[in-house]
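Taking it in order: structure first as structure tokens, then the write-up.
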Amino acid sequence: MFHTAELSATYVKFHFSFQAVCLWIKAVLWTCWRRAFQRESVRPDKASSFVYERLESGHIRLLDIKRHAWTWQLECRIRHVDLGTNPAYEAISYTWGDMKTLHRIRVDGRWLSITSNAHTILQDRASFFETRTMWIDCICIDQSNVSEKNVQVPLMKDIYQKAKRTVIHLGDYGGARLAFSLMEDLTWRHQFFDSIVANPEFEAFVGFATKKEIREGLVGLLGNLVPIDPRWSRLAHILRHSYFSRVWIVQEVVFGSACHIRCGGAWLDWKDFSGAVTNVFSGQFQNAGYLDRLRESGPVSTISHLSHLILLKDKETVARLVRAPSIRPTLCGLLSSPLVQGLKCSDPRDRVFGLVSLSRDAHDPDFAPDYSGTPDLGDFFTRLCCKFIRREETDSIFHVAGIGRERSIPGLPSWVPDWTCQSELPIHTLDPPFGAGGQHRAAIEICATKEVSIQGIVVDRLAVVTNRQIRPTANPMREVPSSHLLFHACIAVFDALKLSGDLTNDSNCNESVSPSRSEALWRTLVADSTQISVRESETGFPPEFNSSNPFGIASTKLLHKFKRLPEGEYNTVLPAWRRVVTFPDIRTLLETELAGGLSLDSSAKVDKFWKLIWANRSLTKDVEVITKGGGVSLLVGGCIHRFGMTETGRMVLVPPLAAVGDVICVGVGFGAPLLLREEVVGNGSTYKLVGEAYVDGIMDGELAVKAMEECRRIRIV
């Protein structure tokens with residue numbers, strides 16, 4: 001006889017499989033029926049092309065659309081309206097898609113070429129029974145008119161805010177209904193979960209269990225529902241959509257009013273979407289196995305983008321409701337944040353123009369969009385950084401600048417970030433922050449068009465650096481399946497242990513290393529940081545948003561910050577790492593990987609690595625210690641940066657493209673030491689910025705007084 005749990009699992013599997021088949025058949029029939037009537041019967045004529053009329057100040061174009069009752073063709077009309085009169089319309093947020101495949105529609109009796117994705121959206125939103133009014137950028141803005149774009153782009157914030165609804169259109173996908181139903185279920189389950197955990201009467205009723213035990217039991221119950229639910233692959237497909245990696249959608253979602261997601265004929269409210277995504281990505285429910293189930297069908301590279309998008313929208317909601325614009329970041333801070341890593345746009349200048357409205361600098365004429373002329377990206381980013389320097393926003397620039405990261409713009413000064421390929425994470429901004437250069441304000445002087453100077457001293461030189469380097473394009477560690485993460489971390493740790501002399505030739509594990517050296521090694525590997533969740537009182541949101549959450553603020557579960565590493569953590573974590581990487585068979589595997597070059601798709605080696613782990617109970621326990629004791633911080637440090645040693649024996653963490661001979665500079669007022677590459681020019685020397693570095697023993701201002709007393713001008717080109 002089947003147990004109750006087995007019967008329930010069988011029922012759930014059958015129910016969702018049957019539902020999936022029915023929805024698939026429905027989607028296919030609907031698609032075939034709809035496309036049969038989408039063919040336009042009239043071949044366009046060049047003489048009848050649509051011509052845009054000039055817009056007055058403060059006006060926008062709106063598109064009225066309806067489907068003809070007899071011909072089933074689209075009937076479109078464009079009208080000019082004053083945005084200040086609050087017209088009724090829905091704003092469309094989407095991706096342009098392939099620009100080579102164009103469709104033509106009749107607008108006011110003339111033909112207008114639009115993208116394939118825009119055509120799909122119009123076909124989906126057109127109705128026989130009513131005229132629908134919408135704003136869609138590829139139609140409502142004359143894309144060939146640069147002057148008009150310069151005026152209309154700054155209005156997009158107001159356009160999305162004043163729309164009666166923002167439709168996030170993800171195109172056609174037959175599995176959308178299943179994915180959306182899973183998201184709604186997740187939102188409901190976790191609302192119920194939170195209500196139970198927060199109810200003191202429930203804890204008193206149970207009696208024998210603490211609140212922590214109740215939470216762990218409920219998380220385990222949620223985890224038991226994951227393996228038997230076939231909808232996760234559909235959800236993964238939705239989250240991989242290219243929409244979530246585009247620059248322009250950030251402001252469209254953040255400022256969009258009443259956002260709803262449309263995909264494959266199905267609808268989902270943004271609150272349900274953000275709530276579900278937050279619970280999937282939140283560390284509170286890591287043991288439920290959501291991420292592992294999500295990644296079974298492949299990496300989901302949009303995880304970071306989605307997390308920051310949800311957080312930004314919630315912060316903007318708070319900023320508007322409590323009228324606190326100071327919650328918004330500066331443009332410099334926004335460009336240097338993890339949000340922009342990997343975001344895509346067709347015009348690199350849109351990385352600035354598409355985000356400026358989210359910052360405090362939205363109304364500053366210095367950052368107004370200007371599409372005139374052929375873009376010289378080197379000059380564009382250099383002038384932008386000069387504006388930031390004059391505003392004394394220096395730290396954020398140096399966080400992501402330097403030739404120690406991959407760059408694509410030729411001739412770009414080393415102190416100017418290449419925002420077209422910003423990839424890996426910088427050294428963390430801690431709470432409290434690093435203070436290598438003391439508490440003075442960092443002073444950067446603009447000497448020439450492509451040269452700046454700082455005050456500081458050179459204190460050391462890089463003598464040796466590990467071979468560990470993963471190609472940093474688009475932050476590949478974020479796209480690696482979770483089962484691979486620990487394997488790549490082991491390679492980084494093993495390489496660092498060898499370089500530091502922690503491993504000896506005659507012993508697998510050197511137990512004679514002094515505690516102070518072991519602590520220095522561990523702090524360097526993780527950049528003296530550990531990630532913790534932010535308490536509700538520390539979110540920066542007003543108390544009413546944290547307690548009753550009346551406005552759909554979901555992202556407080558995603559908030560975290562980096563704190564200094566707790567004292568003595570290395571006593572348990574580092575020995576566990578040593579035992580894992582020096583286990584004979586694992587050590588051989590790691591040495592083979594290092595000798596043969598590093599690859600992110602070494603699935604066979606990863607499988608072998610995990611078989612060795614699970615076959616040894618002590619190694620399994622060590623892995624549990626590692627994952628609970630700073631494994632995430634280590635990945636950010638050891639795998640994205642490189643471990644090295646200086647000529648005076650200091651341990652350092654440096655950017656991926658650092659080289660032996662680079663010098664370490666303590667700049668007056670800078671939080672982290674700077675790694676510089678010297679270039680002798682005539683009778684003097686100039687330097688190129690390689691990037692920020694973590695240098696053990698000088699991160700808290702130990703050399704700040706000396707840097708202030710003996711400082712000299714250091715020219716950086």
Side-chain angles (χ1 to χ4, degrees), residues 90-94 157 160-170 173 176-198 222 231-232 234-236 238-239 241 243-244 249-285 288 290 294 300 302-322 327 339 358 534 536 539-559:
E90 61 182 27
I92 308 297
S93 179
Y94 70 112
K157 170 185 174 181
Y160 281 92
Q161 277 185 340
K162 294 184 177 183
K164 67 176 182 181
R165 177 170 69 170
T166 297
V167 178
I168 300 171
H169 208 289
L170 304 182
Y173 173 54
R177 292 185 185 276
L178 286 176
F180 289 173
S181 68
L182 174 59
M183 286 188 161
E184 290 170 344
D185 287 352
L186 285 173
T187 301
W188 178 86
R189 289 176 195 169
H190 286 276
Q191 287 175 347
F192 181 67
F193 174 95
D194 291 338
S195 65
I196 291 178
V197 173
L222 293 173
R231 296 175 291 176
W232 284 91
R234 276 76 168 183
L235 176 57
I238 293 289
L239 298 184
H241 198 287
Y243 173 88
F244 298 109
I249 67 100
V250 178
Q251 73 160 348
E252 294 169 4
V253 172
V254 168
F255 294 119
S257 61
C259 290
H260 289 80
I261 300 176
R262 174 76 169 173
C263 183
W267 289 96
L268 181 69
D269 190 285
W270 174 263
K271 292 180 181 179
D272 291 331
F273 177 83
S274 62
V277 171
T278 297
N279 290 321
V280 169
F281 296 164
S282 172
Q284 296 182 26
F285 304 104
Y290 290 157
L294 198 65
V300 182
T302 57
I303 288 177
S304 178
H305 299 153
L306 281 165
S307 299
H308 288 96
L309 180 63
I310 292 170
L311 179 58
L312 267 178
K313 183 167 180 62
D314 286 352
K315 281 190 173 183
E316 178 59 29
T317 300
V318 175
R320 273 188 278 167
L321 290 171
V322 302
I327 293 178
L339 168 70
L358 297 163
V534 174
E536 290 184 346
T539 60
F541 295 164
E544 60 268 24
F545 288 89
N546 297 321
S547 55
S548 58
N549 193 17
F551 304 105
I553 304 299
S555 62
T556 52
K557 295 178 183 177
L558 293 173
L559 287 171

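All residue numbers refer to positions in the sequence shown, counting from 1.
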Nearest 0.5 angstrom please: [X] [atom1] to [Y] [atom2], how far?
| X | Y | atom1 | atom2 | result |
| --- | --- | --- | --- | --- |
| L235 | F180 | CG | CZ | 9.5 Å |
| R262 | H169 | CZ | NE2 | 6.0 Å |
| S257 | K162 | OG | NZ | 11.5 Å |
| I310 | T278 | CD1 | OG1 | 4.0 Å |

Nearest heavy atoms of [X] and [Y], plus distance in Å:
| X | Y | answer |
| --- | --- | --- |
| C263 | A176 | O-CB, 3.2 Å |
| R177 | A266 | CG-CB, 3.5 Å |
| L186 | A276 | CB-CB, 4.2 Å |
| I168 | C259 | CD1-CB, 4.2 Å |

Checking the side chain of R231 only, and the main-chain atoms of M183 only, is there a donor and an acceptor separated by less than 3.5 Å?
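No, because the side chain of R231 does not come within donor-acceptor range (under 3.5 Å) of the backbone of M183.
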Could you tell me which residues satisfy side chain to side chain donor-acceptor pair (under 3.5 Å) with Q251, sequence neighbours excluded, listed by chain and number?
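Per chain and number, Q251 pairs via side chain to side chain donor-acceptor pair (under 3.5 Å) with S357.
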Just jot down the side chain to side chain donor-acceptor pair (under 3.5 Å) partners of S93, sequence neighbours excluded, or say none.
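S93 satisfies side chain to side chain donor-acceptor pair (under 3.5 Å) with Y243, E252 only.
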Check step by step if side chain to side chain contact (heavy atoms under 4.5 Å, CB included) holds for L309 and I249.
CA-CA 9 Å; L309 180 63; I249 67 100; 3.9 Å; yes
Going by side chain to side chain contact (heavy atoms under 4.5 Å, CB included), name the residues that satisfy it together with D272, two or more places apart in sequence or in a different chain.
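So D272 forms a side chain to side chain contact (heavy atoms under 4.5 Å, CB included) with E184, T187, L268, D269.
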Is there side-chain contact between T166 and F255, with at least one heavy-atom pair below 4.5 Å?
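A side-chain contact is absent here, since even the closest heavy-atom pair is not under 4.5 Å.
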Residues forming a ring pair (Phe, Tyr, Trp, His ring centres under 6.0 Å) with F244, sequence neighbours excluded:
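Once residues adjacent in sequence are excluded, the partners of F244 under the ring pair (Phe, Tyr, Trp, His ring centres under 6.0 Å) criterion are F273.
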Which is it for Y160 and V254 under the side chain to side chain contact (heavy atoms under 4.5 Å, CB included) test, yes or no, and what are the steps along the way?
CA-CA 9 Å; Y160 281 92; V254 168; over 6 Å; no
